[in-house]
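The structure under discussion appears below in the form of structure tokens.
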Amino acid sequence: MEILGMVNLPTWLVCIIMTVMTVCLYTWYKQSYFKRLGIHTKPTVFFLGDMFELSKKGFGYIDDQMVKENGKIFGLYLGNIPTLVISDTDIIKQIMVKDFSKFTDRVSLVQVTKKWKSAVSVASGEHWRFLRTTLSPTFTTGKIREMKPYIHKCMKTLLELLSEKTDQNPEGFNIVPNLSGYTLDVICSTGFGLDVDAQKDPDNLIIRYAREFLEFRGLRNPLFLVQMFFPDLSSIFGRLLETNIVSNEAFDFYMSTMKKAFTDRKQAQSKHRDLLQLLINTHKGELGENEIDTEETTFEGMKQRGLTDEEVLLNSIIFMVAGYDTTATTLSWIVYDLVTNTECQEKLIEEIDAEIGESETTYDNVFKLRYLDMVVNETLRMHPPAQRINRLALEDVKINGLQILKGMDCTFSILALHYMPEYWENPYKYDPERFAPENQANINQYAYMPFGQGPRNCIGKRLALLEVKATVVVLLQKFRLHKTDKLQVPMPVSDVGLGKPAKPVFVRLEKRSKN
Ligand code: HEM
């Protein structure tokens, strides 16, 4: 092909040059989005944006650095997808609560397959409102109180296994696998009446696939990468680019496990009072004979039809996955914080001995413990399991001078907020006293949100807190926890609490009673 009558290039080379130029122009345009809006960014790598640094150093670390260097509003690029990170608590409150109707949805970086849209955490608009309203009664205090016996059974196994491990390893051991197996047992039994015994059988398929669910597979998925670099293709090709968040194998395994639990339960006419039973009660059809109109789009219409098969099954899976790792991570960090802050552990033991002694834990006696509440809050401040949350702008809106455009990903860095000196005095110090009743008034609730905020906050918060608090109580009723040489002690300040999945927590357990 002759170009301007000067050079003669083969057609294939011209095509390549044109494609490269188009991609460069597209990337340049995409990655100047925040510049055009006058919003700070950091120097990015062309094409990759901040993706390489974010995946290497972690979102929490980058957010924390950016807040220090650029203030409360800045932009980052995941490939060519822009993310507006906001740490101004007035704006956060406006988005999460006051203007919630303009920000009801979460951002989905990629097109997910249709089935995932039935999950309350992924659903949008009226569909989300219907799912949330239908599922919320499952987590009332009354319902959670009734789940306590199921938790007790798992606790008994946890204590027996820890006692055995202490006898076998008096010098200490990594407690994380015990806590992970335990939280999975709790969610399986409280949620679905499933006796999986993950604590005794760490190779159980349910554990293997739960890990797979939590693993971020995006960077290995070509469809995901295409959408990172060419986000506009999603609206052009729509369903063709739909991506599975997890492997089909893991998905099918969970679907068949839940389906079996569902069918068995329906046939047994059981009197169970767990999540599954509550889901079944809101399901109006027969599993496998879906006569329900799934295309219904109005809230009232959806209320009439009740949950579909897919909604029951998908949300069972979501509860299982969302409730497993978050609570295990929190428990692991509490153990870490208590062995590295022994005075806090002693104070907590004193409170437990005085208020509960050796009695069985109940919803009421556990929630009465003030210092325990302070300890849990402080651990969740320093090590929030979810480091970031987001909301999608459904329309253009200006908040306190900040212009937010329709379609923007408004992200809140929980981790960066939890360490901002403006909201927390001496933020790198583990200090439960900041949550003492007399100091509560100083806490800005939009700078402290381990469970999110507003109408779309964590639906399982109460269940998670009961599980975490009751477990800490039974642990300290039986053991005093000690640091070992193998415990990886304080990380560099910039790394503290970067919520990465709990590292091995090597501790030594000293038995406190004969039981
Ligand atoms: C310590 C434990 C937990 C932590 C720290 C945690 C944290 C969070 C956070 C930060 C969010 C996002 C909230 C927002 O966007 O404002 C969330 C959402 C959610 N969590 Fe949790 N969570 C925990 C335990 C649980 C448990 C035990 C369950 C269920 C049994 C659960 C189910 C969910 C669901 C379904 C959502 C999505 C809610 C919606 O979109 O309406 N979580 N969680």
Side-chain angles (χ1 to χ4, degrees), residues 60 92-93 95-97 100 103-108 116-125 127-136 138-140 143-144 147 150-151 179-180 182-192 210 213-214 274-276 278-279 311 314-334 376-377 379-392 409-415 417-418 445-446 448-472 497 499 501-502:
I92 296 177
K93 181 177 179 182
I95 293 177
M96 296 188 106
V97 180
F100 179 70
F103 296 92
T104 48
D105 301 348
R106 292 215 169 83
V107 179
S108 178
W116 281 104
K117 294 181 184 151
S118 295
V120 63
S121 48
V122 181
S124 55
H127 190 199
W128 168 75
R129 192 157 79 91
F130 158 70
L131 289 173
R132 180 81 189 207
T133 318
T134 313
L135 299 173
S136 288
T138 314
F139 294 94
T140 57
K143 300 276 169 26
I144 287 172
M147 292 175 194
Y150 303 105
I151 303 184
L179 297 174
S180 302
Y182 163 73
T183 54
L184 197 56
D185 278 350
V186 170
I187 192 73
C188 287
S189 67
T190 52
F192 313 100
F213 252 85
L214 296 164
D274 55 13
L275 301 185
L276 181 64
L278 295 159
L279 286 173
E311 285 164 350
L314 247 299
N315 286 292
S316 312
I317 296 177
I318 286 296
F319 288 161
M320 189 182 279
V321 176
Y324 152 59
D325 192 57
T326 43
T327 28
T329 305
T330 306
L331 281 170
S332 304
W333 278 116
I334 291 178
V376 173
N377 283 337
T379 294
L380 284 170
R381 180 189 71 82
M382 291 196 81
H383 321 287
Q387 293 186 10
R388 276 175 154 207
I389 48 178
N390 66 41
R391 297 289 185 269
L392 175 72
D409 166 351
C410 301
T411 284
F412 317 114
S413 175
I414 299 181
L415 193 87
L417 282 158
H418 285 190
Q445 52 174 314
Y446 296 91
Y448 180 66
M449 37 183 198
F451 293 99
Q453 275 295 357
R456 201 158 186 174
N457 69 353
C458 175
I459 201 172
K461 176 177 171 182
R462 232 176 269 150
L463 175 61
L465 284 176
L466 170 67
E467 184 182 345
V468 166
K469 288 183 173 184
T471 309
V472 174

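Residue numbers run from 1 in the order of the sequence given. Note that the structure is a prediction, hence the values are computed from the model and not measured. Counting starts at 1 for both ligands and their atoms, in listed order.
Counting heavy atoms under 4.0 Å from ligand 1, residue Q453 touches it through the backbone alone. With a 4.0 Å heavy-atom cut-off, ligand 1 is reached by the side chain of M96 but not by its N, CA, C or O. Contacts between P385 and ligand 1 below 4.0 angstrom, taking non-hydrogen atoms only, involve the side chain exclusively. Of all the heavy atoms of K461, none lies under 4.0 Å from any atom of ligand 1, so neither backbone nor side chain is involved. At a heavy-atom distance under 4.0 Å, only side-chain atoms of R132, from C-beta outward, approach ligand 1.
For atom 6 (C) of ligand 1, the nearest non-hydrogen atom of the protein is F451 CD2, 3.7 Å. The nearest protein atom to atom 29 (C) of ligand 1, hydrogens excluded, is given as F319 O, 3.9 Å; this is a heavy-atom distance. If you check which protein heavy atom lies closest to atom 8 (C) of ligand 1, you get C458 CB, 3.6 Å.
An N or O contact shorter than 3.5 Å is missing between T326 and ligand 1 by distance. Residue contacts with ligand 1: T327 is placed with no nitrogen or oxygen under 3.5 Å of a nitrogen or oxygen of the ligand (distance criterion only). Of the N or O atoms in N390, none lie within a sub-3.5 Å distance of an N or O in ligand 1. Checked against a 3.5 angstrom limit, the closest N/O atoms of T330 and ligand 1 fall outside it.
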*Step by step, would you call R462 with K143 a side chain to side chain contact (heavy atoms under 4.5 Å, CB included)?*
CA-CA 10 Å; R462 232 176 269 150; K143 300 276 169 26; over 6 Å; no

